[in-house]
Amino acid sequence: MINIFEVNETNKMIEQENLDVRTITMGISLLDCIDSDLDTMNQKIYDKITTKAKDLVATGDKIATEFGIPVVNKRVSVTPIALVGGVACHSTEDFVSVAKTLDRAAKTIGVNFIGGYSALVSKGMTPAEELLIRSIPQALAVTERVCSSVNVGSTKTGINMDAVKLMGEIVLETAKASRDQDSLGCAKLVVFCNAPDDNPFMAGAFHGVTEADCIINVGVSGPGVVKTALESVRGADFQTLCEMIKRTAFKVTRVGQLVAQEASKRLGVPFGIVDLSLAPTPAIGDSVAEILEEIGLERVGAPGTTAALALLNDQVKKGGVMAAQAVGGLSGAFIPVSEDQGMIDSVNLGALTLEKLEAMTCVCSVGLDMIAIPGDTKASTIAGIIADESAIGMINQKTTAVRVIPVIGKGVGETVEFGGLLGYAPIMPVNQFSCEAFVERGGRIPAPIHSFKN
């Protein structure tokens with residue numbers, strides 16, 4: 001049984017080391033909102049979200065005040081809209097109207113993001129799913145709080161290369177549609193392989209069809225806490241280092257479990273999972289890169305970086321899994337360049353490249369995240385990047401993702417400012433050799449042999 005006395009042990013973490021609960025995310029099924037009439041469906045969607053989540057923000061704020069635990073974000077995820085709108089939506093404009101409805105509902109209940117403007121197309125695309133995907137640039141340009149994701153591959157089905165090619169084009173179109181905001185729309189768009197149904201973190205959150213009607217998922221965060229803990233074992237052997245990470249992850253996750261239980265009880269909504277991910281922010285001292293450097297790297301990107309990240313990711317999971325009733329989502333260490341000051345510094349010093357980041361994604365929780373690239377990058381090159389990450393996820397039976405931002409009108413050596421938790425980023429160079437003939441083949445890369453387990 002968790003009680004408030006456990007939280008007292010973490011007071012120093014909260015006050016001095018940037019410990020927070022990064023998000024309480026309410027997942028809401030919209031399957032019962034399906035209707036053949038577009039206006040009726042939109043009204044059902046708005047009514048259900050604003051009814052189910054009407055007390056979400058107030059409850060999160062009250063828990064934060066009573067327990068002294070910062071709860072940074074309150075968010076909502078919904079059933080992938082390509083499934084919900086398949087009957088009523090016959091054009092991209094129809095789907096955009098649903099995005100506007102989601103945005104309006106998010107503003108009404110006061111959440112900062114709503115996820116689920118999504119399509120799951122790892123094996124093929126229905127006409128509705130293709131329409132939703134093609135509507136993404138416009139949908140993200142005309143809304144403020146809507147986040148979009150597309151799952152293009154899985155270990156079980158392989159990689160849908162038609163969808164990969166299309167998403168290369170869509171990412172570039174989304175960048176152009178929001179060029180007046182330094183292509184900010186792409187910060188709200190994630191391309192997945194093996195997307196989880198219960199991820200509470202944006203921009204990739206959606207409410208999977210395997211989930212209950214309504215659920216509470218919580219994402220915790222504590223890079224600063226882990227770094228401070230490791231300072232006390234500086235120079236010690238790997239066994240001591242790993243034990244310290246595990247113990248710290250346990251304490252951090254315990255706080256998330258407490259908040260999840262309280263939110264579940266007060267909102268009358270079942271508890272889903274705690275996501276153990278170490279999610280950095282632009283704040284000094286709240287950096288995954290600095291943890292890796294504390295482990296012994298001069299700079300992230302140096303030889304040994306992938307091994308250090310693998311160690312960190314595994315120990316976080318080992319420590320956190322015992323502290324929570326159920327874990328899920330992505331659960332590990334995020335490496336978003338724009339949201340992590342240590343990553344930014346390493347890029348600027350030339351220590352960290354796009355290729356090294358790709359190698360790191362083999363052992364971390366997500367993938368190439370919040371990376372700014374030149375605005376003149378070809379759609380086929382972006383598709384190639386997506387294909388590479390999808391292959392890593394497919395072969396290794398893990399979630400990988402791509403959230404790259406081609407900043408229209410800017411190139412290597414310039415920086416782009418996104419603000420808030422999204423931070424700022426140096427624009428990174430991309431390999432200039434073409435993969436267009438590869439991307440143009442179309443069809444599907446088959447699932448790997450080890451996927452056949454029936």
Side-chain angles (χ1 to χ4, degrees), residues 22-31 33 45-46 48-50 52-53 56-57 60 72-85 95-96 98-121 129 132-133 135-136 139-140 142-152 167 170 174 184-192 194-212 214-219 269 272-273 275 277 279 328-330 334 336 339 365-367 369-370 399 401-403 420-422:
R22 187 55 48 85
T23 180
I24 297 176
T25 301
M26 178 181 283
I28 301 173
S29 173
L30 299 182
L31 293 176
C33 299
I45 289 172
Y46 178 83
K48 184 163 189 182
I49 293 170
T50 55
K52 290 285 186 182
L56 177 62
V57 172
V72 180
N73 299 300
K74 280 70 67 175
R75 295 163 172 172
V76 165
S77 63
V78 299
T79 309
I81 293 300
L83 300 176
V84 179
F95 272 112
V96 171
V98 182
K100 291 178 179 177
T101 298
L102 295 175
D103 202 45
R104 185 161 58 94
K107 290 175 182 175
T108 298
I109 60 178
V111 295
N112 68 323
F113 284 124
I114 184 165
Y117 196 76
S118 306
L120 311 179
V121 294
E129 287 165 339
L132 180 133
I133 290 172
S135 76
I136 288 172
L140 297 184
V142 300
T143 59
E144 294 178 19
R145 308 184 190 201
V146 173
C147 291
S148 181
S149 59
V150 178
N151 190 70
V152 298
M167 286 311 301
I170 292 300
T174 302
L184 181 63
C186 292
K188 299 183 288 179
L189 174 60
V190 181
V191 187
F192 275 115
N194 288 324
D197 283 355
D198 53 9
N199 167 27
F201 284 101
M202 297 298 170
F206 62 84
H207 186 70
V209 295
T210 61
E211 299 288 310
C214 191
I215 208 83
I216 287 290
N217 297 321
V218 167
V269 174
I273 57 94
D275 188 311
S277 298
L330 300 164
F334 285 9
E339 299 171 17
S365 297
V366 196
D369 193 21
M370 286 301 293
T399 301
V402 173
R403 183 162 51 149
L421 282 175
L422 297 177

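Values below: every heavy atom of this structure, side chains too, minus hydrogens, waters and symmetry copies. Index from 1, following the sequence.
The CZ atom of R104 lies 10.5 Å from the CD1 atom of I45; values are rounded to the nearest 0.5 Å. A distance of 7.0 Å separates OH in Y117 from CD1 in I136, rounded to the nearest 0.5 Å. To the nearest 0.5 Å, the span separating CG on L83 from OG on S29 amounts to 10.0 Å.
With hydrogens and angles left out, the side-chain atoms of T108 and Y46 include a donor and acceptor closer than 3.5 Å. In this structure, a donor-acceptor pair under 3.5 Å is present between the side chains of R75 and N112.
Of all heavy-atom pairs between N151 and A195, the closest is OD1-N, 2.9 Å. The heavy-atom pair separating V96 from A139 by the smallest distance is CG2-N, 4.1 Å. Counting all heavy atoms, side chain and backbone alike, N217 lies closest to D198 at ND2-O, 3.5 Å. Considering every non-hydrogen atom in both M202 and G115, the closest pair reads CE-N, 3.3 Å. Between P200 and I273, the closest heavy-atom pair is CD-CD1, 4.1 Å. The shortest heavy-atom contact between V146 and A99 is CG2-O, 3.4 Å.
Side-chain contact between V142 and D103 is absent, with no heavy-atom pair separated by less than 4.5 Å. Residues F113 and K188 are in side-chain contact: their nearest non-hydrogen atoms beyond the backbone lie under 4.5 Å apart. At least one side-chain heavy atom of H207 sits less than 4.5 Å from a side-chain heavy atom of I215. A 4.5 Å side-chain heavy-atom check between T143 and I114 finds every atom pair outside the cut-off. Residues F192 and N199 have side chains in contact (heavy-atom distance under 4.5 Å, counting atoms from C-beta outward). For the pair V84 and V78, the minimum side-chain heavy-atom distance is 4.5 Å or more.
Between the side chain of T79 and the backbone N or O of L30, at least one donor-acceptor pair lies under 3.5 Å. Of the possible polar contacts, none joining the K52 side chain to the G27 backbone as a donor-acceptor pair under 3.5 Å is found. Here the side chain of S77 pairs no donor or acceptor atom with the backbone of G116 at under 3.5 angstrom. Between the side chain of S148 and the backbone N or O of L189, no donor-acceptor pair lies under 3.5 Å.
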Original post:
Hey, mind stepping through C214 and M26 against side-chain contact (heavy atoms from CB on, under 4.5 Å) and telling me if it holds?
Top reply: CA-CA 7 Å; C214 191; M26 178 181 283; 3.6 Å; yes
**OP:** Please assess R403 against D369 for the test salt bridge (Lys or Arg N to Asp or Glu O under 4.0 Å), listing each intermediate value before the final yes or no.
**Re:** CA-CA 5 Å; R403 183 162 51 149; D369 193 21; 2.8 Å; yes
Original post:
What do the steps show when you test L102 against I81 for side-chain contact (heavy atoms from CB on, under 4.5 Å), and what is the final call?
Top reply: CA-CA 10 Å; L102 295 175; I81 293 300; 3.9 Å; yes
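For the side chain to side chain contact (heavy atoms under 4.5 Å, CB included) with I109, the qualifying choice from L56, V76, V57 is V76, the only one to do so.
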